[in-house]
Amino acid sequence: MPAADLGQDGWRKPWSGGNGGSCVEAKKLNDGRVALRQSTDPDGPALIYTRHEISTFIQGAKAGQADFLLG
């Protein structure tokens, strides 16, 4: 889905870092789903996840299940 279709309000940068402004932005949608987009391309695509999907991802990342991406 084009991120622009979701409006400009409500986007947050929970994973912002010292990388020159290239961040993942997240927005909680009214129906409980979560949208993610690239901050450098706010009109580009947004990935939409259910509450269960994003919860499973975050819990897995906290448990170290995504650490292989860093190595």
Side-chain angles (χ1 to χ4, degrees):
M1 154 178 280
D5 290 355
L6 299 172
Q8 294 303 314
D9 295 332
W11 291 98
R12 298 176 65 182
K13 296 179 184 179
W15 302 285
S16 185
N19 57 3
S22 181
C23 306
V24 173
E25 294 181 318
K27 179 176 183 171
K28 188 172 181 184
L29 304 178
N30 292 336
D31 63 4
R33 294 180 302 160
V34 173
L36 300 178
R37 73 178 182 185
Q38 176 61 37
S39 66
T40 57
D41 188 14
D43 293 325
L47 301 175
I48 310 293
Y49 296 95
T50 66
R51 180 176 171 83
H52 175 73
E53 290 169 332
I54 202 72
S55 176
T56 300
F57 172 78
I58 291 171
Q59 290 172 8
K62 286 181 176 182
Q65 295 174 1
D67 288 355
F68 72 94
L69 296 170
L70 302 175

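Residues take their numbers from the sequence shown, with the count starting at 1. Quick caveat: nothing in here was measured; it's all calculated off a predicted structure.
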Identify, with sequence neighbours excluded, every residue that meets side-chain hydrogen bond (donor to acceptor under 3.5 Å, both in side chains) alongside D67. none
Search all heavy atoms of P42 against all heavy atoms of A3 and return the closest pair with its distance. O-CB, 3.3 Å
Students should find that the hydrophobic cluster of L6, defined by side-chain heavy atoms under 4.5 Å apart, otherwise consists of M1, W11, L29, I48
Looking only at heavy atoms, the pair that brings L36 and Y49 closest together is CD1-CE1, 3.7 Å
Could I get the full list of salt bridge (Lys or Arg N to Asp or Glu O under 4.0 Å) partners for D41, not counting sequence neighbours? none
Results of side-chain hydrogen bond (donor to acceptor under 3.5 Å, both in side chains) for R12 - residues two or more places apart only: none
Search all heavy atoms of K13 against all heavy atoms of S39 and return the closest pair with its distance. CE-CB, 4.1 Å
Residues two or more places apart in sequence or in another chain: which of them pass side chain to side chain contact (heavy atoms under 4.5 Å, CB included) with Q8? R37, D43
Side chains of residues 55-65: which donor-acceptor partners sit under 3.5 Å, not counting sequence neighbours?
unit_1 : atom_1 : unit_2 : atom_2 : d
S55    : OG     : Q59    : NE2    : 3.2
T56    : OG1    : H52    : O      : 2.8

Nearest-0.5 Å distance that lies between atom NZ in K28 and atom CZ in R33: 13.0 Å
With sequence neighbours excluded, tell me which residues meet side-chain hydrogen bond (donor to acceptor under 3.5 Å, both in side chains) with E53. T50
